[in-house]
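Each remark here refers to the structure printed beneath this line.
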Amino acid sequence: MRLSRFFLPTLKEAPSDAQIVSHQLMLRAGMIKQEAAGIYAWLPLGLKVLRKIEQIVREEQVRAGAVELLMPTLQLADLWRESGRYDAYGPEMLRITDRHERELLYGPTNEEMITDIFRAYVKSYKSLPLNLFHIQWKFRDERRPRFGVMRGREFLMKDAYSFDVDEASARKAYNRMFVAYLNTFARMGLKAVPMRADTGPIGGDLSHEFIVLAETGESAVFCDKALVEMPAPGADVDWDDLQSIVDQRTALYAATEEMHDEARFEAETAEGDRLSARGIEVGHIFYFGEKYSAPMKAKVAGPDGQDANVHMGSYGVGVSRLLGAIIEASHDEGGIIWPDAVAPFDVVVINLRANDAAVSAACEDAVAQLEKLGKDVLYDDTDERPGGKFATADLIGVPWQLTIGPKGLADGVVELKRRATGEKVSVPLAEAIERLT
Ligand SMILES: Nc1ncnc2c1ncn2[C@@H]1O[C@H](COS(=O)(=O)NC(=O)[C@@H](N)CS)[C@@H](O)[C@H]1O
(Lines give C-alpha, C1' and ligand atoms only; values in the text may rest on other atoms or scores of the structure.)
Protein backbone atom coordinates (compact mmCIF):
# COMPACT_ATOMS: atom_id res chain seq x y z
CA MET A 1 0.00 0.00 0.00
CA ARG A 2 1.47 3.40 -1.00
CA LEU A 3 1.12 5.90 1.84
CA SER A 4 0.35 8.54 -0.81
CA ARG A 5 -2.77 6.52 -1.71
CA PHE A 6 -3.74 5.46 1.86
CA PHE A 7 -5.80 7.43 4.38
CA LEU A 8 -3.72 8.02 7.51
CA PRO A 9 -4.76 11.28 9.22
CA THR A 10 -2.03 11.41 11.89
CA LEU A 11 -2.01 14.20 14.46
CA LYS A 12 1.00 15.99 15.96
CA GLU A 13 -0.79 16.38 19.29
CA ALA A 14 -3.63 14.43 20.91
CA PRO A 15 -6.73 16.40 21.92
CA SER A 16 -6.51 17.46 25.56
CA ASP A 17 -9.48 15.29 26.65
CA ALA A 18 -7.52 12.14 25.79
CA GLN A 19 -6.17 11.25 29.22
CA ILE A 20 -4.54 7.83 28.85
CA VAL A 21 -1.74 6.94 26.47
CA SER A 22 -3.71 4.41 24.39
CA HIS A 23 -6.44 6.96 23.70
CA GLN A 24 -3.85 9.62 22.80
CA LEU A 25 -1.90 7.32 20.50
CA MET A 26 -4.97 5.90 18.72
CA LEU A 27 -6.05 9.44 17.87
CA ARG A 28 -2.55 10.62 16.90
CA ALA A 29 -1.94 7.51 14.76
CA GLY A 30 -5.14 8.20 12.78
CA MET A 31 -6.79 4.96 13.92
CA ILE A 32 -10.15 6.27 15.22
CA LYS A 33 -12.26 9.42 15.16
CA GLN A 34 -14.87 10.13 17.82
CA GLU A 35 -18.32 10.71 16.27
CA ALA A 36 -20.18 11.03 19.58
CA ALA A 37 -19.39 10.27 23.23
CA GLY A 38 -18.18 6.66 23.32
CA ILE A 39 -18.93 6.16 19.61
CA TYR A 40 -16.06 5.95 17.11
CA ALA A 41 -15.40 5.77 13.41
CA TRP A 42 -12.73 3.13 12.74
CA LEU A 43 -10.29 4.68 10.28
CA PRO A 44 -8.29 2.40 7.95
CA LEU A 45 -5.28 1.82 10.22
CA GLY A 46 -7.44 1.13 13.28
CA LEU A 47 -9.74 -1.15 11.32
CA LYS A 48 -6.81 -3.27 10.10
CA VAL A 49 -5.75 -3.92 13.70
CA LEU A 50 -9.34 -4.52 14.85
CA ARG A 51 -9.77 -7.16 12.15
CA LYS A 52 -6.50 -8.91 13.11
CA ILE A 53 -7.52 -9.05 16.77
CA GLU A 54 -10.97 -10.28 15.80
CA GLN A 55 -9.43 -13.05 13.67
CA ILE A 56 -7.22 -14.32 16.51
CA VAL A 57 -10.26 -14.38 18.83
CA ARG A 58 -12.26 -16.25 16.17
CA GLU A 59 -9.53 -18.85 15.54
CA GLU A 60 -9.17 -19.67 19.24
CA GLN A 61 -12.93 -19.94 19.70
CA VAL A 62 -13.15 -22.40 16.81
CA ARG A 63 -10.16 -24.34 18.15
CA ALA A 64 -12.05 -24.73 21.45
CA GLY A 65 -15.06 -26.14 19.59
CA ALA A 66 -17.29 -23.07 19.39
CA VAL A 67 -19.40 -22.50 16.25
CA GLU A 68 -19.76 -19.00 14.78
CA LEU A 69 -23.05 -17.33 13.88
CA LEU A 70 -24.10 -13.69 13.75
CA MET A 71 -27.00 -12.23 15.72
CA PRO A 72 -28.48 -8.77 14.99
CA THR A 73 -27.59 -5.70 17.05
CA LEU A 74 -31.31 -4.90 17.50
CA GLN A 75 -33.42 -7.08 19.80
CA LEU A 76 -37.09 -7.19 20.79
CA ALA A 77 -37.82 -5.90 24.28
CA ASP A 78 -40.25 -8.80 24.79
CA LEU A 79 -37.35 -11.26 24.69
CA TRP A 80 -35.79 -9.46 27.66
CA ARG A 81 -39.12 -9.36 29.45
CA GLU A 82 -39.10 -13.19 29.39
CA SER A 83 -35.85 -13.30 31.39
CA GLY A 84 -36.88 -10.41 33.63
CA ARG A 85 -33.85 -8.37 32.60
CA TYR A 86 -35.66 -5.69 30.57
CA ASP A 87 -36.31 -3.52 33.58
CA ALA A 88 -33.46 -4.87 35.71
CA TYR A 89 -30.79 -3.86 33.18
CA GLY A 90 -31.24 -0.16 33.90
CA PRO A 91 -30.21 3.04 32.10
CA GLU A 92 -27.31 1.41 30.26
CA MET A 93 -29.85 -0.15 27.88
CA LEU A 94 -30.60 1.90 24.74
CA ARG A 95 -34.32 1.44 24.17
CA ILE A 96 -35.77 2.10 20.72
CA THR A 97 -39.32 2.35 19.35
CA ASP A 98 -39.85 1.64 15.65
CA ARG A 99 -42.46 3.17 13.30
CA HIS A 100 -45.00 0.55 14.35
CA GLU A 101 -44.45 1.48 18.00
CA ARG A 102 -42.72 -1.86 18.57
CA GLU A 103 -40.25 -1.78 21.48
CA LEU A 104 -36.70 -2.74 20.54
CA LEU A 105 -33.28 -2.30 22.09
CA TYR A 106 -29.69 -2.10 20.89
CA GLY A 107 -28.21 -5.28 22.40
CA PRO A 108 -25.73 -4.84 25.27
CA THR A 109 -25.34 -8.64 25.34
CA ASN A 110 -27.16 -11.64 23.87
CA GLU A 111 -28.06 -14.25 26.50
CA GLU A 112 -31.80 -13.98 25.81
CA MET A 113 -31.46 -14.01 22.02
CA ILE A 114 -29.09 -16.97 21.87
CA THR A 115 -31.37 -18.90 24.25
CA ASP A 116 -34.32 -18.13 21.94
CA ILE A 117 -32.33 -19.42 18.94
CA PHE A 118 -31.36 -22.57 20.87
CA ARG A 119 -34.89 -23.38 22.10
CA ALA A 120 -36.28 -22.99 18.58
CA TYR A 121 -34.26 -25.93 17.28
CA VAL A 122 -32.57 -28.09 19.93
CA LYS A 123 -34.74 -30.69 21.73
CA SER A 124 -32.38 -33.54 22.60
CA TYR A 125 -29.32 -33.98 24.80
CA LYS A 126 -27.73 -35.71 21.78
CA SER A 127 -27.18 -32.24 20.26
CA LEU A 128 -25.05 -31.22 23.27
CA PRO A 129 -22.51 -29.95 24.14
CA LEU A 130 -22.97 -26.86 21.99
CA ASN A 131 -21.13 -23.53 22.09
CA LEU A 132 -22.32 -20.76 19.76
CA PHE A 133 -20.45 -17.46 19.40
CA HIS A 134 -20.52 -14.28 17.40
CA ILE A 135 -18.46 -11.12 17.10
CA GLN A 136 -20.90 -8.23 17.08
CA TRP A 137 -21.23 -4.57 18.04
CA LYS A 138 -22.88 -3.89 21.40
CA PHE A 139 -24.30 -0.74 22.91
CA ARG A 140 -24.18 0.16 26.59
CA ASP A 141 -25.17 3.69 27.46
CA GLU A 142 -22.29 4.14 29.89
CA ARG A 143 -22.83 7.17 32.11
CA ARG A 144 -19.21 8.19 31.63
CA PRO A 145 -17.68 6.75 28.48
CA ARG A 146 -13.93 7.53 28.64
CA PHE A 147 -10.42 6.44 27.75
CA GLY A 148 -11.35 6.13 24.07
CA VAL A 149 -12.30 2.61 22.99
CA MET A 150 -11.44 1.29 26.44
CA ARG A 151 -14.85 2.28 27.79
CA GLY A 152 -17.01 3.07 24.76
CA ARG A 153 -20.78 3.06 24.34
CA GLU A 154 -20.76 1.21 21.01
CA PHE A 155 -18.07 -1.48 21.14
CA LEU A 156 -17.13 -4.76 19.49
CA MET A 157 -17.48 -7.89 21.59
CA LYS A 158 -16.99 -11.59 21.00
CA ASP A 159 -19.69 -13.30 23.01
CA ALA A 160 -20.01 -17.06 23.20
CA TYR A 161 -22.75 -19.09 24.85
CA SER A 162 -22.52 -22.73 25.94
CA PHE A 163 -25.35 -25.24 26.34
CA ASP A 164 -24.94 -28.48 28.30
CA VAL A 165 -27.11 -31.21 29.74
CA ASP A 166 -25.92 -30.73 33.32
CA GLU A 167 -23.61 -28.70 35.56
CA ALA A 168 -20.68 -31.10 35.26
CA SER A 169 -20.71 -30.80 31.47
CA ALA A 170 -21.21 -27.05 31.69
CA ARG A 171 -18.09 -26.75 33.82
CA LYS A 172 -16.15 -28.56 31.07
CA ALA A 173 -17.47 -25.97 28.61
CA TYR A 174 -16.34 -23.26 31.03
CA ASN A 175 -12.88 -24.82 31.18
CA ARG A 176 -12.63 -24.91 27.37
CA MET A 177 -13.29 -21.17 27.25
CA PHE A 178 -10.90 -20.56 30.18
CA VAL A 179 -8.06 -22.22 28.25
CA ALA A 180 -9.10 -20.65 24.92
CA TYR A 181 -8.85 -17.22 26.58
CA LEU A 182 -5.36 -17.94 27.96
CA ASN A 183 -4.24 -18.88 24.43
CA THR A 184 -6.06 -15.97 22.77
CA PHE A 185 -4.48 -13.21 24.83
CA ALA A 186 -1.02 -14.84 24.71
CA ARG A 187 -1.19 -14.80 20.89
CA MET A 188 -1.68 -11.01 21.09
CA GLY A 189 1.45 -10.64 23.22
CA LEU A 190 -0.61 -9.93 26.34
CA LYS A 191 -0.19 -11.31 29.84
CA ALA A 192 -3.83 -11.71 30.93
CA VAL A 193 -4.46 -13.16 34.39
CA PRO A 194 -7.74 -15.02 35.14
CA MET A 195 -9.22 -13.70 38.37
CA ARG A 196 -12.28 -14.66 40.42
CA ALA A 197 -14.87 -12.03 39.57
CA ASP A 198 -18.31 -10.76 40.39
CA THR A 199 -21.10 -11.88 38.06
CA GLY A 200 -23.11 -8.64 38.06
CA PRO A 201 -26.06 -8.22 35.63
CA ILE A 202 -25.11 -11.35 33.67
CA GLY A 203 -25.63 -13.57 36.75
CA GLY A 204 -24.55 -16.96 37.97
CA ASP A 205 -22.15 -18.03 40.67
CA LEU A 206 -18.91 -18.80 38.82
CA SER A 207 -17.03 -16.14 36.93
CA HIS A 208 -13.50 -15.15 35.99
CA GLU A 209 -12.27 -11.90 34.53
CA PHE A 210 -9.13 -11.91 32.39
CA ILE A 211 -7.07 -8.92 33.45
CA VAL A 212 -4.13 -7.27 31.69
CA LEU A 213 -2.03 -5.46 34.27
CA ALA A 214 -1.69 -1.75 33.47
CA GLU A 215 -1.35 1.34 35.68
CA THR A 216 -4.24 2.99 33.86
CA GLY A 217 -6.51 -0.05 34.33
CA GLU A 218 -9.93 0.64 35.84
CA SER A 219 -9.90 -2.51 37.96
CA ALA A 220 -7.98 -2.96 41.20
CA VAL A 221 -6.72 -6.56 41.29
CA PHE A 222 -4.87 -8.84 43.70
CA CYS A 223 -2.99 -12.00 42.73
CA ASP A 224 -0.05 -14.32 43.20
CA LYS A 225 2.60 -12.88 40.88
CA ALA A 226 3.41 -16.40 39.59
CA LEU A 227 0.22 -16.14 37.54
CA VAL A 228 1.54 -13.24 35.47
CA GLU A 229 4.46 -15.12 33.92
CA MET A 230 2.71 -18.51 33.61
CA PRO A 231 2.82 -19.51 29.91
CA ALA A 232 -0.46 -20.19 28.08
CA PRO A 233 -1.36 -23.89 27.67
CA GLY A 234 -1.14 -23.71 23.87
CA ALA A 235 -3.24 -25.61 21.33
CA ASP A 236 -1.99 -29.11 22.11
CA VAL A 237 -4.28 -29.87 25.06
CA ASP A 238 -7.02 -32.44 25.68
CA TRP A 239 -10.06 -30.19 25.20
CA ASP A 240 -12.20 -32.76 27.03
CA ASP A 241 -10.08 -32.75 30.15
CA LEU A 242 -8.72 -29.35 31.09
CA GLN A 243 -9.49 -29.40 34.81
CA SER A 244 -5.84 -29.82 35.82
CA ILE A 245 -4.80 -26.82 33.70
CA VAL A 246 -7.59 -24.70 35.19
CA ASP A 247 -6.83 -25.93 38.73
CA GLN A 248 -3.15 -25.05 38.28
CA ARG A 249 -4.20 -21.42 37.89
CA THR A 250 -7.19 -21.22 40.20
CA ALA A 251 -5.16 -22.82 43.00
CA LEU A 252 -3.23 -19.54 43.20
CA TYR A 253 -4.94 -16.47 44.67
CA ALA A 254 -6.30 -14.02 42.11
CA ALA A 255 -9.30 -11.76 42.65
CA THR A 256 -10.76 -8.52 41.44
CA GLU A 257 -11.60 -5.82 43.98
CA GLU A 258 -15.23 -6.97 44.32
CA MET A 259 -14.14 -10.49 45.24
CA HIS A 260 -10.92 -9.71 47.15
CA ASP A 261 -10.42 -11.13 50.64
CA GLU A 262 -7.24 -9.68 52.16
CA ALA A 263 -7.10 -12.24 54.99
CA ARG A 264 -7.36 -15.10 52.49
CA PHE A 265 -4.77 -13.41 50.25
CA GLU A 266 -2.28 -13.22 53.12
CA ALA A 267 -3.03 -16.78 54.25
CA GLU A 268 -2.60 -18.26 50.77
CA THR A 269 0.16 -16.14 49.22
CA ALA A 270 3.65 -15.56 50.58
CA GLU A 271 4.33 -11.86 51.13
CA GLY A 272 6.98 -11.68 48.41
CA ASP A 273 4.54 -13.20 45.91
CA ARG A 274 1.61 -10.87 46.57
CA LEU A 275 0.82 -8.50 43.69
CA SER A 276 -1.78 -5.76 43.99
CA ALA A 277 -2.11 -3.71 40.84
CA ARG A 278 -4.50 -2.08 38.45
CA GLY A 279 -5.66 -3.93 35.40
CA ILE A 280 -7.78 -3.84 32.27
CA GLU A 281 -10.58 -6.39 31.95
CA VAL A 282 -10.22 -7.83 28.44
CA GLY A 283 -12.46 -10.88 28.92
CA HIS A 284 -15.09 -12.16 31.32
CA ILE A 285 -16.55 -15.67 31.53
CA PHE A 286 -19.58 -16.87 33.46
CA TYR A 287 -21.34 -20.09 34.41
CA PHE A 288 -24.97 -19.37 35.27
CA GLY A 289 -26.74 -22.70 34.90
CA GLU A 290 -30.48 -22.32 34.36
CA LYS A 291 -30.74 -18.56 34.83
CA TYR A 292 -32.01 -18.06 31.28
CA SER A 293 -33.06 -21.58 30.25
CA ALA A 294 -35.59 -21.84 33.11
CA PRO A 295 -37.65 -18.68 32.42
CA MET A 296 -37.28 -19.13 28.66
CA LYS A 297 -38.03 -22.88 28.75
CA ALA A 298 -34.92 -24.00 26.88
CA LYS A 299 -35.08 -27.73 27.58
CA VAL A 300 -33.75 -30.94 26.09
CA ALA A 301 -34.94 -34.52 26.56
CA GLY A 302 -32.32 -36.37 28.58
CA PRO A 303 -31.20 -40.02 28.13
CA ASP A 304 -34.14 -40.98 30.38
CA GLY A 305 -36.54 -39.13 28.07
CA GLN A 306 -37.26 -36.53 30.74
CA ASP A 307 -37.09 -32.84 29.71
CA ALA A 308 -34.60 -30.75 31.67
CA ASN A 309 -33.43 -27.15 31.43
CA VAL A 310 -30.03 -26.83 29.80
CA HIS A 311 -27.07 -25.52 31.78
CA MET A 312 -25.47 -22.43 30.23
CA GLY A 313 -22.50 -20.15 30.42
CA SER A 314 -21.48 -17.02 28.53
CA TYR A 315 -18.00 -15.85 27.60
CA GLY A 316 -17.13 -12.32 26.46
CA VAL A 317 -14.01 -10.72 25.00
CA GLY A 318 -13.69 -6.98 24.53
CA VAL A 319 -12.44 -7.05 20.93
CA SER A 320 -12.32 -3.27 20.45
CA ARG A 321 -11.10 -2.72 24.04
CA LEU A 322 -8.13 -4.95 23.23
CA LEU A 323 -6.59 -2.31 20.94
CA GLY A 324 -6.39 0.00 23.93
CA ALA A 325 -5.15 -2.73 26.26
CA ILE A 326 -2.38 -3.79 23.86
CA ILE A 327 -1.20 -0.19 23.42
CA GLU A 328 -1.21 0.40 27.21
CA ALA A 329 0.98 -2.69 27.54
CA SER A 330 3.19 -1.98 24.49
CA HIS A 331 4.29 1.55 23.64
CA ASP A 332 7.18 3.95 24.15
CA GLU A 333 7.82 7.68 23.75
CA GLY A 334 7.85 7.25 19.96
CA GLY A 335 4.38 5.72 19.89
CA ILE A 336 2.75 2.32 19.54
CA ILE A 337 4.71 -0.97 19.43
CA TRP A 338 2.36 -3.57 17.88
CA PRO A 339 3.04 -7.23 18.55
CA ASP A 340 3.66 -8.86 15.15
CA ALA A 341 0.41 -10.86 15.29
CA VAL A 342 -1.85 -7.79 15.37
CA ALA A 343 0.24 -5.17 13.51
CA PRO A 344 -1.61 -3.22 10.77
CA PHE A 345 1.31 -3.83 8.38
CA ASP A 346 4.34 -6.12 8.62
CA VAL A 347 6.88 -3.54 7.43
CA VAL A 348 7.10 0.13 6.43
CA VAL A 349 9.38 0.75 3.44
CA ILE A 350 10.71 4.30 3.84
CA ASN A 351 11.92 6.19 0.76
CA LEU A 352 14.39 8.84 1.91
CA ARG A 353 14.36 10.72 -1.38
CA ALA A 354 11.08 10.28 -3.25
CA ASN A 355 12.23 12.56 -6.09
CA ASP A 356 15.28 10.36 -6.83
CA ALA A 357 14.43 7.86 -9.58
CA ALA A 358 17.07 5.31 -8.52
CA VAL A 359 16.01 5.34 -4.88
CA SER A 360 12.32 5.06 -5.83
CA ALA A 361 13.08 2.18 -8.19
CA ALA A 362 14.95 0.38 -5.40
CA CYS A 363 12.03 0.98 -3.01
CA GLU A 364 9.47 -0.32 -5.46
CA ASP A 365 11.61 -3.39 -6.07
CA ALA A 366 11.84 -4.03 -2.30
CA VAL A 367 8.06 -3.60 -1.92
CA ALA A 368 7.41 -5.99 -4.81
CA GLN A 369 9.75 -8.64 -3.39
CA LEU A 370 8.22 -8.36 0.11
CA GLU A 371 4.64 -8.50 -1.19
CA LYS A 372 5.52 -11.53 -3.31
CA LEU A 373 6.57 -13.18 -0.03
CA GLY A 374 3.17 -12.40 1.43
CA LYS A 375 4.21 -9.43 3.53
CA ASP A 376 1.73 -6.59 4.09
CA VAL A 377 3.80 -3.49 3.20
CA LEU A 378 3.16 0.21 3.80
CA TYR A 379 5.39 2.11 1.36
CA ASP A 380 6.07 5.69 2.50
CA ASP A 381 6.44 7.24 -0.96
CA THR A 382 5.50 10.74 0.22
CA ASP A 383 7.73 13.79 -0.11
CA GLU A 384 7.74 14.24 3.69
CA ARG A 385 11.21 14.93 5.09
CA PRO A 386 13.09 11.91 6.56
CA GLY A 387 12.59 12.91 10.21
CA GLY A 388 8.84 13.10 9.67
CA LYS A 389 8.81 9.69 7.96
CA PHE A 390 10.67 8.03 10.83
CA ALA A 391 8.37 9.69 13.36
CA THR A 392 5.26 8.45 11.54
CA ALA A 393 6.66 4.91 11.26
CA ASP A 394 7.46 4.89 14.99
CA LEU A 395 4.07 6.39 15.90
CA ILE A 396 1.94 3.82 14.02
CA GLY A 397 4.00 1.00 15.53
CA VAL A 398 4.66 -1.27 12.54
CA PRO A 399 7.15 -3.97 13.72
CA TRP A 400 9.79 -3.36 10.99
CA GLN A 401 11.11 -0.32 9.09
CA LEU A 402 13.13 -0.83 5.90
CA THR A 403 14.77 2.45 4.85
CA ILE A 404 16.33 3.13 1.46
CA GLY A 405 18.29 6.33 0.67
CA PRO A 406 20.89 7.49 -1.88
CA LYS A 407 23.87 6.84 0.41
CA GLY A 408 22.79 3.35 1.35
CA LEU A 409 22.04 2.63 -2.29
CA ALA A 410 25.56 3.68 -3.26
CA ASP A 411 26.92 1.32 -0.56
CA GLY A 412 24.57 -1.46 -1.69
CA VAL A 413 22.76 -1.56 1.66
CA VAL A 414 19.37 -0.76 3.17
CA GLU A 415 18.68 0.01 6.84
CA LEU A 416 16.44 -2.41 8.72
CA LYS A 417 15.03 -1.34 12.11
CA ARG A 418 13.12 -3.48 14.63
CA ARG A 419 10.54 -1.10 16.17
CA ALA A 420 10.28 -2.96 19.48
CA THR A 421 14.00 -2.81 20.29
CA GLY A 422 15.15 0.10 18.14
CA GLU A 423 17.91 -2.19 16.84
CA LYS A 424 19.16 -1.13 13.36
CA VAL A 425 21.33 -2.96 10.85
CA SER A 426 22.63 -1.86 7.42
CA VAL A 427 22.66 -4.89 5.16
CA PRO A 428 22.09 -5.75 1.48
CA LEU A 429 18.38 -5.85 0.56
CA ALA A 430 18.43 -9.63 0.13
CA GLU A 431 19.66 -10.10 3.70
CA ALA A 432 17.10 -7.59 5.05
CA ILE A 433 14.34 -9.51 3.32
CA GLU A 434 15.79 -12.73 4.72
CA ARG A 435 15.52 -11.27 8.26
CA LEU A 436 11.91 -10.25 7.63
CA THR A 437 10.68 -13.66 6.49
N1 LIG B 1 -18.12 -0.17 27.57
C2 LIG B 1 -17.27 -1.07 27.07
N3 LIG B 1 -16.36 -0.70 26.12
C4 LIG B 1 -15.49 -1.60 25.62
N5 LIG B 1 -15.44 -2.90 25.99
C6 LIG B 1 -16.33 -3.30 26.94
C7 LIG B 1 -17.28 -2.43 27.52
N8 LIG B 1 -18.02 -3.14 28.42
C9 LIG B 1 -17.55 -4.41 28.40
N10 LIG B 1 -16.54 -4.50 27.52
C11 LIG B 1 -15.76 -5.70 27.20
O12 LIG B 1 -16.66 -6.78 26.94
C13 LIG B 1 -16.29 -7.90 27.73
C14 LIG B 1 -17.53 -8.74 28.02
O15 LIG B 1 -18.50 -7.92 28.65
S16 LIG B 1 -19.19 -8.51 29.95
O17 LIG B 1 -20.21 -7.59 30.31
O18 LIG B 1 -18.17 -8.72 30.92
N19 LIG B 1 -19.79 -9.94 29.58
C20 LIG B 1 -20.86 -10.10 28.80
O21 LIG B 1 -21.43 -9.20 28.25
C22 LIG B 1 -21.34 -11.52 28.66
N23 LIG B 1 -22.54 -11.53 27.85
C24 LIG B 1 -20.30 -12.37 28.06
S25 LIG B 1 -20.83 -13.14 26.64
C26 LIG B 1 -15.63 -7.31 28.96
O27 LIG B 1 -14.75 -8.25 29.56
C28 LIG B 1 -14.89 -6.11 28.38
O29 LIG B 1 -13.60 -6.52 27.89
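Keep in mind that the numbers below use all heavy atoms, side chains included, and drop hydrogens, waters and symmetry copies. Both ligands and their constituent atoms are indexed starting at 1 by order of listing.
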Can a side-chain donor-acceptor contact be found between N351 and Y379 if the only test is distance below 3.5 angstrom?
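Yes - a donor-acceptor pair under 3.5 Å links their side chains.
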
Around atom NZ of K123, are there more than 12 heavy atoms of other residues, nucleotides or ligands at under 6.0 Å?
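Correct, the count exceeds 12.
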
Count the heavy atoms of every other residue, nucleotide or ligand shown that sit under 6.0 Å from CD of E35, and state whether that count exceeds 12.
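Check passes, neighbour count above 12.
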
Which of the numbered atoms in ligand 1 are under 4.0 angstrom from any heavy atom belonging to R151?
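Taking each heavy atom of R151 in turn, ligand 1 has 3 (N) under 4.0 Å.
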
State the atoms of ligand 1, each with its element, that fall below the 4.0 Å cut-off from a heavy-atom position in V282.
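Answer, ordered by atom number: 27 (O), 29 (O).
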
Between [X] and ligand 1, does any nitrogen or oxygen pair lie at a separation below 3.5 Å?
X	value
E111	yes
N110	no
E142	yes

Nearest protein heavy atom with distance in Å, relative to [atom]:
atom	answer
atom 27 (O) of ligand 1	E281 OE2, 2.4 Å
atom 13 (C) of ligand 1	G318 N, 3.9 Å
atom 15 (O) of ligand 1	M157 CE, 3.4 Å
atom 23 (N) of ligand 1	T109 OG1, 2.5 Å
atom 25 (S) of ligand 1	D159 CB, 3.2 Å
atom 24 (C) of ligand 1	G316 N, 3.3 Å
atom 8 (N) of ligand 1	F155 CZ, 3.6 Å
atom 28 (C) of ligand 1	R321 NH1, 3.5 Å

Please report the interatomic distance CE(M195) to OG1(T250), rounded to the nearest 0.5 Å.
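Answer rounded to 0.5 Å: 13.5 Å.
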
How long is the span from the CG atom in L395 to the CG atom in L11, to the nearest 0.5 Å?
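Answer for the CG-CG pair, L395 versus L11, is 9.0 Å.
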
Measuring centre to centre across the rings, with the benzene-like ring taken for any Trp, is [X] within less than 6.0 Å of [Y]?
X	Y	result
F118	Y292	no
F210	H284	no
H260	Y253	yes

Show your working on side chain to side chain donor-acceptor pair (under 3.5 Å) between Q55 and R58 and close with a plain yes or no.
CA-CA 5 Å; Q55 186 54 21; R58 173 177 288 113; 2.9 Å; yes

Under the ring pair (Phe, Tyr, Trp, His ring centres under 6.0 Å) test against Y106, which residue among Y89, F139, W137 passes?
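Of all the options given, the one that passes is F139.
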
Ion pair check, E82 and R119, cut-off under 4.0 Å
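A salt bridge links E82 with R119.
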
Considering M150, H284, K138, R140 one by one, which has a heavy atom nearer to atom 21 (O) of ligand 1 than any of the others?
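Selected option, by shortest heavy-atom distance: R140.
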
Check whether any heavy atom of [X] sits under 4.0 Å from an atom of ligand 1.
X	value
G152	yes
F286	yes
V149	yes

